[in-house]
Amino acid sequence: MTKPKAINWFKHPALPFLMMSTLVILGITGIQQIMGFLLQDRFGWNAVETTTQLGYAMMVMSLMSILVQMVLVPRFELGPTRLIYLGVFLR
């Protein structure tokens, strides 16, 4: 059994996609955290109410994400190109 070579991530072609994915995830989590402060300010909630309502909102977002990835995409056979165009159109 031979041990495979270690991947040099600085020369690997997937590095730009890895960096882009990391930045997108950081951006999404930042927006979600800011959304909590916005809701607290707009509705005059205290910390407990904000945490509860934001938890519900994030749970619904997660469930919708799972629904889309596990039900809608396989059912309608949406490939990456169609999903990108659909996302741009809906934006």
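Not measured: the values here are computed from a predicted model. The first residue in the sequence is number 1, and the count goes up from there.
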How long is the straight-line distance from [atom2] of [Y] back to [atom1] of [X], given to the nearest 0.5 Å?
X     : Y     : atom1 : atom2 : result
Leu78 : Ile84 : CG    : CD1   : 12.0 Å
Leu72 : Gln69 : CG    : CD    : 10.5 Å
Thr81 : Leu86 : OG1   : CG    : 12.0 Å
Leu39 : Ile34 : CG    : CD1   : 12.0 Å

- Query: Any link between Leu67 and Met61 through a network of hydrophobic side chains (Ile, Leu, Val, Met, Phe, Trp, Tyr) touching at under 4.5 Å?
  - Reply: no

Item to complete: Just grab all the ring pair (Phe, Tyr, Trp, His ring centres under 6.0 Å) pairs involving residues 71-91, residues at least two apart or on different chains.
Response: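 Found none.
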
Output yes when a side-chain donor or acceptor of Ser62 lies under 3.5 Å from a complementary backbone atom of Met58, and no otherwise.
yes

Which heavy atom of Leu54 sits nearest to which heavy atom of Gly36, and what is that distance?
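Closest approach of Leu54 to Gly36, heavy atoms only: CD2-CA, 3.6 Å.
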
Could you pull out every donor-acceptor pair under 3.5 Å between side chains of residues 12-33 and any protein atom, sequence neighbours left out?
residue : atom : partner : partner atom : Å
His12   : ND1  : Ala14   : N            : 3.1
Ser21   : OG   : Phe17   : O            : 2.8
Thr22   : OG1  : Leu18   : O            : 2.8
Thr29   : OG1  : Ile25   : O            : 3.2
Thr29   : OG1  : Leu26   : O            : 2.9

Quick one: does Thr52's side chain get under 4.5 Å of Tyr56's, heavy atoms only?
yes

Notebook entry, point to check: What residues, two or more places apart in sequence or in another chain, satisfy side chain to side chain contact (heavy atoms under 4.5 Å, CB included) together with Glu49?
Noted result: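 Once residues adjacent in sequence are excluded, the partners of Glu49 under the side chain to side chain contact (heavy atoms under 4.5 Å, CB included) criterion are Trp45, Asn46.
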
